[in-house]
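Report on the following structure.
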Amino acid sequence: QVKLVESGGGSVQAGTSLRLSCVASGFAFSAHGMGWLRQAPGKAREFVAAIDDRGNSTLHADSVKGRFTGSRDDAKEAAYLQMNSLRPEDTAIYSCAKETIPCSGATSNAYNYFGQGTQVTVSS
């Protein structure tokens, strides 16, 4: 049974940083790319960042490029999202996701499992 559990969210001031974690279980973690998506109130879920199965390639949405960085630790079966220079528009529920096809690289829209998410609130 695939399980993805996020942590690390919170309420912070604009300009500060947070690091989100996602602990995975129930599948061959090292064979799958991992992604981060977010959903703000009243808006559709959107892609934020992804890292491929080998940890060599990352993909980031234009809105977070240069501020957010995706990473992974296969020994811990965990994925991370380092978020710097946070802005009020980054406020959302952030979820990690497992890419559907193993060894498919970092993608923005090919996920078949999602975590419940962790709330990030950024105030100005």
Side-chain angles (χ1 to χ4, degrees):
Q1 179 183 358
V2 174
K3 191 173 183 182
L4 302 170
V5 180
E6 302 91 342
S7 62
S11 295
V12 298
Q13 294 286 320
T16 59
S17 300
L18 279 175
R19 187 190 192 213
L20 305 184
S21 299
C22 170
V23 176
S25 60
F27 66 99
F29 181 81
S30 62
H32 287 266
M34 296 295 294
W36 288 93
L37 299 95
R38 68 186 181 186
Q39 187 165 20
K43 294 188 177 181
R45 184 166 58 193
E46 64 174 358
F47 168 77
V48 176
I51 185 165
D52 72 343
D53 56 287
R54 296 187 178 187
N56 292 337
S57 177
T58 57
L59 187 66
H60 297 86
D62 287 344
S63 59
V64 305
K65 205 167 289 184
R67 301 187 298 124
F68 292 12
T69 304
S71 64
R72 63 189 295 150
D73 183 338
D74 286 355
K76 296 182 179 179
E77 295 192 318
Y80 305 97
L81 183 67
Q82 178 67 42
M83 306 187 296
N84 299 328
S85 302
L86 283 161
R87 303 168 180 169
E89 54 264 38
D90 294 320
T91 295
I93 296 174
Y94 285 72
S95 301
C96 66
K98 166 189 166 290
E99 287 189 354
T100 305
I101 301 173
C103 307
S104 60
T107 64
S108 63
N109 59 2
Y111 304 103
N112 59 352
Y113 287 94
F114 301 83
Q116 290 295 310
T118 185
Q119 176 72 48
V120 172
T121 303
V122 185
S123 57
S124 57

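Note that the structure is a prediction, hence the values are computed from the model and not measured. Side chains are part of it too, since the values below use all heavy atoms of this structure and drop only hydrogens, waters and symmetry mates.
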**Asked** ring-ring contact (aromatic ring centres under 6.0 Å, His included): which pairs involve residues 97-124, sequence neighbours left out?
**Response** none

**Request:** Give every residue pair that meets the salt bridge (charged side-chain N to carboxylate O under 4.0 Å, His left out) criterion with at least one member in residues 109-124, sequence neighbours excluded.
**Result:** none

**Message:** I need the full list of side chain to side chain donor-acceptor pair (under 3.5 Å) pairs touching residues 88-101, with sequence neighbours left out, sorted by first then second residue.
**Reply:** Arg38-Asp90, Arg38-Tyr94, Arg67-Asp90, Lys98-Asn112, Glu99-Ser104, Glu99-Thr107

**Asked** Do Ile93 and Leu81 belong together in a cluster built from hydrophobic side chains that touch within less than 4.5 Å?
**Response** no

**Asked** Val64, Tyr80: one ILVMFWY side-chain cluster at the under-4.5 Å cut-off?
**Response** no

**Request:** Could you check if a side-chain atom of Val120 sits within less than 4.5 angstrom of a side-chain atom of Leu20, using non-hydrogen atoms only?
**Result:** yes

**Asked** Excluding sequence neighbours, so at least two apart, what forms side chain to side chain donor-acceptor pair (under 3.5 Å) with Gln1?
**Response** none

**Request:** Return the minimal non-hydrogen interatomic distance between Ser124 and Ala14, and the atom names on each side.
**Result:** CA-CB, 4.2 Å

**Request:** Applying side chain to side chain donor-acceptor pair (under 3.5 Å), name anything that partners Gln119, two or more places apart in sequence or on another chain.
**Result:** Thr121

**Asked** Does Gln116 have any side chain to side chain donor-acceptor pair (under 3.5 Å) partners at least two apart in sequence or in another chain, and if so, which?
**Response** none

**Fill in**
Taken in chain and number order and not counting sequence neighbours, the residues that satisfy salt bridge (Lys or Arg N to Asp or Glu O under 4.0 Å) with Asp73 are none

**Prompt:** Of all heavy-atom pairs between Gly8 and Leu18, which one has the smallest distance, and what is that distance?
**Reply:** O-CD2, 3.7 Å

**Message:** Going by the rule side chain to side chain contact (heavy atoms under 4.5 Å, CB included), which residues pair with Asp62 if we only count those two or more places apart in sequence or in a different chain?
**Reply:** Lys65

**Prompt:** Are any side-chain N or O atoms of Arg72 and backbone N or O atoms of Asp52, one a donor and one an acceptor, separated by less than 3.5 Å?
**Reply:** yes

**Request:** Scan residues 15-25 for pairs that pass side chain to side chain donor-acceptor pair (under 3.5 Å), counting only residues two or more places apart or in two chains.
**Result:** Ser17-Asn84

**Request:** Identify the two heavy atoms, one from Leu37 and one from Ala97, that lie closest to each other, and give their separation to 0.1 Å.
**Result:** CD1-CB, 3.7 Å

**Complete:** For Ile101, the other hydrophobic cluster members (4.5 Å side-chain criterion, sorted by chain and number) are none

**Message:** Under 4.5 Å between side-chain heavy atoms, counting indirect links through other Ile/Leu/Val/Met/Phe/Trp/Tyr residues: same cluster for Leu4 and Ile51 or not?
**Reply:** yes

**Fill in**
Residue pairs meeting ring-ring contact (aromatic ring centres under 6.0 Å, His included), one or both in residues 36-66, sequence neighbours left out, come to none

**Asked** Got a donor-acceptor contact below 3.5 angstrom from the Thr118 side chain to the Ser7 backbone?
**Response** no

**Message:** Between Lys76 and Asp74, does the salt bridge (charged side-chain N to carboxylate O under 4.0 Å, His left out) criterion hold? Intermediate values first, please.
**Reply:** CA-CA 5 Å; Lys76 296 182 179 179; Asp74 286 355; over 6 Å; no

**Request:** Tell me, please, which residues at least two apart from Phe27 pass ring-ring contact (aromatic ring centres under 6.0 Å, His included).
**Result:** His32

**Asked** Linking I/L/V/M/F/W/Y whenever their side-chain heavy atoms sit closer than 4.5 Å, directly or via other members, would Val48 and Val5 fall into one cluster?
**Response** no

**Prompt:** About how many Å separate CZ of Arg54 and OG of Ser30, when rounded to the nearest 0.5 Å?
**Reply:** 11.0 Å

**Asked** Taking the side chain from Glu6 and the backbone from Gly117, do they hold a donor-acceptor pair closer than 3.5 Å?
**Response** yes

**Message:** Val12 vs Leu86, test: side-chain contact (heavy atoms from CB on, under 4.5 Å). Steps then yes/no.
**Reply:** CA-CA 8 Å; Val12 298; Leu86 283 161; 3.8 Å; yes

